[in-house]
Amino acid sequence: QVQLVESGGGLVQAGGSLRLSCGASGRTFGRYAMGWFRQAPGKEREMVAGISSGRSTYYGDSVKGRFTISRDNAKNTMYLQMNSLKPEDTAVYYCAARSVVNIATSPSGYDYWGQGTQVTVSS
C-alpha cells in the first residue's frame, strides 16, 4: 500500500511559478512509475507529466517546455516545477503511482492517488 500526499498548490498570477511536491510512504517508491494529473471543473482528469522508475519522462502537449517533473527516490518525493503559468492551468492537481516501472497516460493505469492540491492562476 502506498500513501501519497501533495503540497505546494496555491494562487499565482499568470506568468508565475509554483512547485508541487508529492510525498510517498513505503519502501519501494523507486520501483513505481509516477504521474501528475489535473482536473478542472467540468473536464476529465488529464495527465500533465509522468516519470518512470528509470526517470524517463512524459509531458502533455499543453505543458511541454513549461513544466518539469522530477523525483528524489532517497526522499520518496516527486516534484512538478511549473513555470510560465497560464489561467488555463487552473485545476486540482493530483499525484499518482503505479506498481510497475513504466509510465501510463490514462488515469486508469494508476493504483494510488493523493488527495489533490488546488492550483489557481489569475489573469
Side-chain angles (χ1 to χ4, degrees):
Q1 190 74 9
V2 175
Q3 293 184 325
L4 304 173
V5 180
E6 303 98 336
S7 61
L11 173 64
V12 64
Q13 289 188 333
S17 298
L18 283 174
R19 188 175 82 153
L20 305 183
S21 299
C22 173
S25 65
R27 294 176 292 177
T28 58
F29 174 79
R31 301 178 189 175
Y32 287 69
M34 306 287 294
W36 286 100
F37 290 78
R38 68 185 180 188
Q39 189 166 19
K43 294 188 176 182
E44 293 186 352
R45 191 169 297 191
E46 64 171 353
M47 183 170 224
V48 174
I51 187 165
S52 71
S53 64
R55 292 185 168 82
S56 297
T57 58
Y58 164 88
Y59 294 96
D61 289 341
S62 62
V63 306
K64 283 180 181 176
R66 300 189 297 124
F67 290 10
T68 302
I69 190 171
S70 61
R71 66 192 297 165
D72 185 337
N73 291 342
K75 295 182 178 180
N76 277 19
T77 303
M78 176 179 65
Y79 304 97
L80 184 68
Q81 178 67 44
M82 306 187 293
N83 298 329
S84 302
L85 282 161
K86 304 175 181 180
E88 51 263 44
D89 294 318
T90 296
V92 178
Y93 283 70
Y94 299 89
C95 71
R98 64 195 304 253
S99 53
V100 294
V101 300
N102 295 321
I103 302 164
T105 58
S106 170
S108 63
Y110 288 79
D111 306 303
Y112 306 102
W113 292 87
Q115 81 288 351
T117 185
Q118 177 71 47
V119 171
T120 302
V121 184
S122 63
S123 57

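Bear in mind the structure is a predicted one, so any value in this text is a computation, not a measurement.
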Drop me the distance from [X]'s [atom1] to [Y]'s [atom2], to the nearest 0.5 angstrom.
{"X": "L4", "Y": "T77", "atom1": "CG", "atom2": "OG1", "answer": "10.5 Å"}
{"X": "Y32", "Y": "S99", "atom1": "OH", "atom2": "OG", "answer": "5.5 Å"}
{"X": "M34", "Y": "S70", "atom1": "CE", "atom2": "OG", "answer": "11.0 Å"}

Disulfide (SG to SG under 2.5 Å) pairs, two or more places apart, involving residues 33-82: none

So the disulfide (SG to SG under 2.5 Å) pairs with at least one residue in residues 20-96 (sequence neighbours excluded) are C22-C95

Check side chain to side chain contact (heavy atoms under 4.5 Å, CB included) between [X] and all other residues, then give those that pass, not counting sequence neighbours.
{"X": "T90", "answer": "Q118, T120, V121"}
{"X": "S106", "answer": "S108"}
{"X": "Q39", "answer": "R45, Y94"}
{"X": "E46", "answer": "R38"}

Any side-chain heavy-atom pair from M82 and L20 closer than 4.5 angstrom? yes

Is there a side-chain contact between V92 and E6 in this structure, where contact means two heavy atoms from C-beta onward sitting under 4.5 Å apart? no

Residues clustering with V100 (ILVMFWY side chains joined when closer than 4.5 Å, directly or via others): none

So for atom CD, which belongs to Q115, do other residues, nucleotides or ligands contribute more than 12 heavy atoms lying within a distance under 6.0 Å? yes

In terms of heavy-atom contacts, A40 and A91 come closest through N-CB, 3.9 Å

Qualifying salt bridge (Lys or Arg N to Asp or Glu O under 4.0 Å) pairs, either residue in residues 65-77, two or more places apart: R66-D89

ring-ring contact (aromatic ring centres under 6.0 Å, His included): which pairs involve residues 34-67, sequence neighbours left out? F37-Y110, F37-W113

Test of understanding: with salt bridge (charged side-chain N to carboxylate O under 4.0 Å, His left out), list the residues that count as partners of R31, not counting sequence neighbours. none

Please identify each residue that fulfils salt bridge (charged side-chain N to carboxylate O under 4.0 Å, His left out) with K43, with sequence neighbours left out. none

In one Ile/Leu/Val/Met/Phe/Trp/Tyr side-chain cluster, 4.5 Å: [X], [Y]:
{"X": "V12", "Y": "L80", "answer": "yes"}
{"X": "I51", "Y": "V2", "answer": "yes"}
{"X": "L18", "Y": "V48", "answer": "yes"}
{"X": "I69", "Y": "Y112", "answer": "yes"}

Residues pairing under side chain to side chain donor-acceptor pair (under 3.5 Å) where one sits in residues 78-87, two or more places apart or in two chains, turn out to be S17-N83, Q81-N83

Is there a donor-acceptor pair closer than 3.5 Å between any side-chain N or O of S123 and the backbone N or O of P87? no

Could you please spell out the steps behind the side chain to side chain contact (heavy atoms under 4.5 Å, CB included) verdict for S52 and V101? CA-CA 6 Å; S52 71; V101 300; 5.8 Å; no

